[in-house]
Amino acid sequence: MSVFSHSAFDGHEHVAFYHDAKSGLKAIIAIHNTNLGPALGGCRMWPYATDEEALRDVLRLSRGMTYKSAISNIKLGGGKAVIIGNHRTQKTDALLHSMGDFIESLGGRYITAEDSGTSVADMIKIGERTRFAGGVVEGSEHGGDPSPTTAYGVFVGLKAAAQYRLGKSSLQGLKVAIQGVGNVGFRLAKQLHAEGAELIVSDIFADNTERAARELGATVVEGDAIFDQKVDVFAPCALGAIINDDTISRLKATVVAGAANNQLAEERHGDMLRAREILYAPDYVINAGGIVDVYYQRTGGTEAQLKTHVESIGDTLIQIFDRAAQTQQPTGIVANKIAEERFMKV
């Protein structure tokens with residue numbers, strides 16, 4: 001399994017592998033760029049089918065975090081951690097402590113936080129062995145979990161995209177297909193439901209879709225059928241690479257705006273969306289609320305300042321949409337150029 005010649009390798013500064021036979025931990029941490037500050041990125045626990053799949057994910061996700069920090073105007077770099085395993089059946093205190101040792105060994109170049117398959121409780125356990133675990137604030141409403149802020153930022157961004165493309169200032173009657181109604185996706189669904197949107201949802205876990213149907217009146221579809229729904233907005237809120245050669249032709253939405261990282265399987269898929277006149281809200285722009293939250297946790301600032309910063313996601317997206325229209329480029333390319341202007345010149 002090559003790293004330097006891997007298709008997802010993008011000049012990463014540091015890629016570290018860690019195995020602890022006693023706890024069963026198998027993990028990878030990728031640090032993409034630290035020009036603006038230490039690399040911050042969540043710790044994902046997922047039952048990857050292969051080691052190569054895990055490596056691809058951590059390389060792509062860490063790169064995305066560099067761009068996310070830069071586009072959000074915060075002084076952090078980009079990194080990510082993945083633990084190979086089933087978070088529902090294989091997570092133990094010993095495994096989390098070992099993960100903390102791994103993070104601590106990097107000396108602060110990488111700071112972790114919650115991600116898919118990890119929680120505030122997990123960050124507390126990891127933090128027992130490292131100084132570099134974020135997303136934990138004792139006494140706060142969500143304990144420091146950045147997921148609610150991520151969801152709110154996606155909600156703000158989705159509204160901005162819908163108004164830009166559809167001319168709708170209200171979400172009443174807007175039809176939204178959400179792929180993945182877990183930690184972030186369900187919170188997004190609740191906010192959309194509260195504003196009168198009609199929801200269609202899918203998830204690999206039946207209890208998640210059952211909750212969305214029961215509490216939000218969402219229509220549930222199975223698996224890939226989510227791509228075929230005739231909706232205004234498709235909101236990917238699960239894993240990445242779901243906008244690809246197979247799915248783009250199936251989309252019946254006018255807008256793609258969701259919380260998932262690395263939604264485009266390849267950069268060229270942004271061109272394909274544009275050719276179909278589907279407005280794409282670049283993933284690392286719209287889902288940046290969580291990293292902004294963790295940044296404020298570490299540097300200080302009021303709730304009002306955090307809320308204002310997160311709500312600026314909508315303004316940033318409008319700027320990207322306008323520049324994309326003026327230059328006749330995909331929105332993802334425009335977002336990349338803006339981010340690169342900020343972190344590459346340092």
Between [X] and [Y], does any side-chain donor sit less than 3.5 Å from a side-chain acceptor?
X: Tyr48; Y: Asp57; value: yes
X: Ser119; Y: Asp122; value: yes
X: Asn287; Y: Asn261; value: yes
X: Gln329; Y: Arg274; value: no
X: Ser62; Y: His12; value: yes
X: His309; Y: Asn73; value: no

Could you tell me whether a side-chain N or O of [X] sits under 3.5 Å from a main-chain N or O of [Y], the two making a donor and an acceptor?
X: His32; Y: Asp10; result: yes
X: Gln328; Y: Ala324; result: no
X: Asp203; Y: Thr209; result: no
X: Thr34; Y: Gly37; result: no
X: Tyr110; Y: Gly78; result: no

Handout entry: CG-NZ distance between Leu95 and Lys22, expressed to the nearest 0.5 angstrom
Key =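 Rounded to the nearest 0.5 Å, the CG-NZ separation comes to 13.5 Å.
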Practice task
To the nearest 0.5 angstrom, please state how far the CD1 atom of Ile313 sits from the CG atom of Leu158.
Solution key: 12.0 Å
Problem - Trp46 and His87 aromatic ring geometry - parallel, tilted or perpendicular at 30°/60° bounds - result: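 Aromatic pair His87/Trp46 classed parallel.
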Exercise for the section: Assign the ring pair Tyr18 / Phe102 to parallel, tilted or perpendicular, where the plane angle (0 to 90°) is split at 30° and 60°. Expected result: parallel
Kindly indicate whether the side chain of [X], heavy atoms from C-beta on, has any atom under 4.5 Å from the side chain of [Y].
X: Leu192; Y: Phe155; value: yes
X: Val233; Y: Thr254; value: no
X: Ile83; Y: Met99; value: yes
X: Ile29; Y: Val58; value: no
X: Val256; Y: Leu279; value: no
X: Val255; Y: Ile278; value: no

Completion exercise
Tested for side-chain contact (heavy atoms from CB on, under 4.5 Å) against Pro330, the lone hit among Leu273, Leu264, Asp271 is Asp271
Handout entry: With Thr112, the side-chain contact (heavy atoms from CB on, under 4.5 Å) member among Thr130, Val294, Ile103
Key =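 Of the listed residues Thr130, Val294, Ile103, the side-chain contact (heavy atoms from CB on, under 4.5 Å) partner of Thr112 is Ile103.
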Problem - Pairing residues for Tyr152 by the ring-ring contact (aromatic ring centres under 6.0 Å, His included) criterion, not counting sequence neighbours - result: none
Quick one: side-chain contact (heavy atoms from CB on, under 4.5 Å) partners of [X], sequence neighbours excluded?
X: Met65; answer: Lys68, Lys80, Ile291
X: Ala70; answer: Leu36, Ala339, Arg342, Phe343
X: Gln319; answer: none

Presence of salt bridge, [Y] and [X], under 4.0 angstrom:
X: Arg165; Y: Glu277; answer: no
X: Lys190; Y: Glu215; answer: no
X: Glu13; Y: Arg63; answer: no
X: Asp293; Y: Arg298; answer: no
X: Glu303; Y: Lys307; answer: no

Exercise for the section: Measure across Ser202 and Val221 and return the closest heavy-atom pair with its distance rounded to 0.1 Å. Expected result: CB-O, 3.4 Å
Exercise for the section: Can you see which heavy atom on Phe234 is nearest to which on Ala253, and at what distance? Expected result: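 Minimum heavy-atom separation between Phe234 and Ala253: N-CB, 3.6 Å.
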Exercise for the section: Could you walk me through whether Glu210 and Arg214 pass salt bridge (Lys or Arg N to Asp or Glu O under 4.0 Å), step by step? Expected result: CA-CA 6 Å; Glu210 289 167 3; Arg214 182 177 62 252; 5.4 Å; no
Handout entry: Those residues that, when tested against Arg129, pass salt bridge (Lys or Arg N to Asp or Glu O under 4.0 Å) (two or more places apart)
Key = Asp101
Exercise for the section: Give a yes or no on whether Lys252 atom NZ has more than 12 heavy-atom contacts from other residues, nucleotides or ligands under 6.0 Å away. Expected result: yes
Show me the donor-acceptor pairs within less than 3.5 Å that the side chains of residues 166-183 make with the rest of the protein, sequence neighbours left out.
residue: Ser170; atom: OG; partner: Gln172; partner atom: N; Å: 3.0
residue: Asn183; atom: OD1; partner: Arg187; partner atom: NH1; Å: 3.1
residue: Asn183; atom: ND2; partner: Ser147; partner atom: OG; Å: 3.1

